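Have a look at the structure below, then the notes.
Sequence positions, counted from 1, serve as the residue numbers for this chain. Here the structure is a predicted model, which means the values were calculated and not measured.
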Amino acid sequence: MLLDRDFATVAELEVRKLSYAFQSLHIDLKNEVRALEILEMIRLYGRDFGPRVKDECLSAVYEAVYWTQLEVATPALVYAQTTIVGEVLPIGFGGLRHARRKTLTKTGKELISHAIDIAGEIAYAICKYVPEVELLNSAAHRLYSILKFADLNDLAEEKEAILHEFSECIRIAGANSFEKGVDLLREQQALALDRS
């Protein structure tokens with residue numbers, strides 16, 4: 001157990017180093033390939049380690065949202081960000097088809113809450129700064145998967161939080177006359193809540 005804890009601490013520090021490397025990149029499409037490489041390494045840590053490392057991975061993704069806020073975003077960059085969010089979620093195989101057999105731990109719920117915040121930030125930044133459907137697709141799908149999971153597992157607080165993120169993104173998309181974004185978000189929200 002001590003070895004596992006030490007290993008997780010090392011992994012947490014490695015993710016932080018990767019986050020610093022990402023932050024040190026000049027925000028420019030010329031650096032997109034390097035940014036994608038760093039995000040892919042962060043994704044692997046998110047996939048393979050426990051809650052502390054996963055939480056650190058989500059914090060690293062938060063830093064990547066600045067690229068979108070500065071209108072430097074591509075579908076590949078957004079996909080990389082939303083994939084990391086997906087990796088850290090405790091959904092598991094079949095988690096979008098039926099409820100979990102095991103009750104979520106407090107740590108699992110905290111991870112979901114953090115993931116909701118980050119997924120919402122990604123989608124909101126796209127709707128506000130670079131309103132393009134190609135960019136919003138993977139972000140809207142990640143919101144969908146979190147809402148679907150929360151609904152299937154009767155996670156009332158998490159469901160309310162993700163519905164709030166949907167409504168904020170729809171609001172800002174509407175304010176920016178991003179009607180295709182509004183339609184996409186409404187469609188994904190409806191699909192997530194459809195249990196038929």
Side-chain angles (χ1 to χ4, degrees), residues 8-9 11-29 31-91 107-132 135-147 149-150 157-158 160-169 171-173 181 185:
T9 301
E12 197 175 356
L13 290 172
E14 287 302 314
V15 171
R16 196 162 296 169
K17 281 187 207 173
L18 288 167
S19 180
Y20 293 155
F22 188 91
Q23 292 172 48
S24 72
L25 291 174
H26 181 68
I27 298 177
D28 189 308
L29 285 178
N31 292 318
E32 182 188 26
V33 170
R34 180 65 184 136
L36 291 171
E37 288 171 353
I38 293 170
L39 289 172
E40 178 60 13
M41 287 187 275
I42 291 170
R43 182 189 72 81
L44 295 174
Y45 278 101
R47 181 192 71 192
D48 293 339
F49 288 90
R52 283 177 34 206
V53 176
K54 290 178 186 296
D55 198 58
E56 195 66 45
C57 292
L58 287 172
S59 295
V61 173
Y62 184 78
E63 295 298 329
V65 177
Y66 289 124
W67 286 55
T68 304
Q69 291 173 347
L70 293 174
E71 300 178 20
V72 181
T74 65
L77 194 62
V78 174
Y79 178 78
Q81 294 170 18
T82 59
T83 301
I84 294 168
V85 175
E87 285 288 3
V88 306
L89 290 169
I91 292 176
T107 306
K109 286 187 173 188
E110 288 170 353
L111 257 179
I112 291 172
S113 292
H114 195 181
I116 289 168
D117 292 342
I118 302 302
E121 283 290 328
I122 295 167
Y124 186 90
I126 292 165
C127 292
K128 184 171 184 178
Y129 300 105
V130 281
E132 296 173 25
L135 295 174
L136 186 57
N137 276 327
S138 59
H141 184 71
R142 185 56 59 215
L143 291 174
Y144 154 86
S145 62
I146 298 170
L147 177 56
F149 181 73
E157 286 180 36
E158 291 76 10
E160 184 180 335
I162 194 68
L163 285 171
H164 175 74
E165 295 298 339
F166 264 107
S167 68
E168 282 300 298
C169 292
R171 181 189 61 77
I172 197 67
L185 289 161

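- Sequence neighbours left out, the pairs with a member in residues 36-48 that pass side-chain hydrogen bond (donor to acceptor under 3.5 Å, both in side chains) are Arg34-Glu37, Glu40-Arg43, Arg43-Glu87.
- Within the 4.5 Å cutoff, the side chain of Ile38 has heavy atoms near those of the Leu25 side chain.
- Among all heavy-atom pairs drawn from Ala73 and Val130, the shortest one is CB-CG2, 4.3 Å.
- Of all the heavy atoms in Gly46 and Cys57, the pair that sits closest is N-SG, 3.5 Å.
- Applying the salt bridge (charged side-chain N to carboxylate O under 4.0 Å, His left out) test to every pair with at least one member in residues 65-86, sequence neighbours left out, gives no pairs at all.
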Criterion side-chain contact (heavy atoms from CB on, under 4.5 Å) on Thr82 and His141, from CA distance to verdict: CA-CA 9 Å; Thr82 59; His141 184 71; over 6 Å; no

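- At most 12 heavy atoms of other shown residues, nucleotides or ligands fall within 6.0 angstrom of atom CD in Glu157.
- In terms of heavy-atom proximity, Cys169 sits nearest to Gly120 at SG-O, 3.9 Å.
- Across all their heavy atoms, Ala76 and Leu36 have their closest contact at O-CD2, 3.5 Å.
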From CA spacing to verdict: side-chain contact (heavy atoms from CB on, under 4.5 Å), Leu77, Val72: CA-CA 9 Å; Leu77 194 62; Val72 181; 5.7 Å; no

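- In this structure, Leu44 CG and Leu39 CG are separated by 11.0 Å, a value rounded to the nearest 0.5 Å.
- The distance from atom CD of Glu14 to atom OG of Ser19, rounded to the nearest 0.5 Å, is 12.5 Å.
- Distance check: Ile42 CD1 to Thr83 OG1 gives 12.5 Å after rounding to the nearest 0.5 Å.
- The closest donor-acceptor contact from the side chain of Arg142 to the backbone of Ala119 lies at 3.5 Å or more, if one exists at all.
- Residue pairs meeting the ring-ring contact (aromatic ring centres under 6.0 Å, His included) criterion with at least one member in residues 109-132: none, sequence neighbours excluded.
- The CD1 atom of Ile122 lies 10.5 Å from the CD atom of Glu165; values are rounded to the nearest 0.5 Å.
- Side-chain contact between Leu136 and Leu185 is present, with at least one heavy-atom pair separated by less than 4.5 Å.
- In this structure, the separation between CD1 on Ile116 and CD1 on Ile162 is 5.0 Å, given to the nearest 0.5 Å.
- From Ile146, atom CD1 reaches atom CG of Leu163 across 11.5 Å, with rounding to the nearest 0.5 Å.
- With contacts defined as side-chain heavy-atom distances shorter than 4.5 Å, the pair Val65/Gln81 qualifies.
- In terms of heavy-atom proximity, Asp55 sits nearest to Leu111 at N-CD2, 3.9 Å.
- Using a 4.5 Å heavy-atom cutoff, the side chains of Val78 and Asn137 are not in contact.
- Lys109 pairs by the side chain to side chain donor-acceptor pair (under 3.5 Å) definition with nothing, not counting sequence neighbours.
- For Glu110, the salt bridge (charged side-chain N to carboxylate O under 4.0 Å, His left out) test picks out Lys106, with sequence neighbours left out.
- No donor-acceptor distance shorter than 3.5 angstrom exists from the side chain of Glu121 to the backbone of Tyr62, with no hydrogens or angles considered.
- Scanning all heavy atoms of the two residues, the minimum distance from Ala64 to Phe22 falls at CA-CE2, 3.5 Å.
- Partners of Arg16 under the salt bridge (charged side-chain N to carboxylate O under 4.0 Å, His left out) rule, at least two apart in sequence or in another chain, are Glu56.
- Inter-residue side-chain proximity for Phe149 and Tyr144 is flagged as unmet; no heavy-atom pair is nearer than 4.5 Å.
- The closest side-chain heavy-atom distance from Ile112 to Pro90 is below 4.5 Å.
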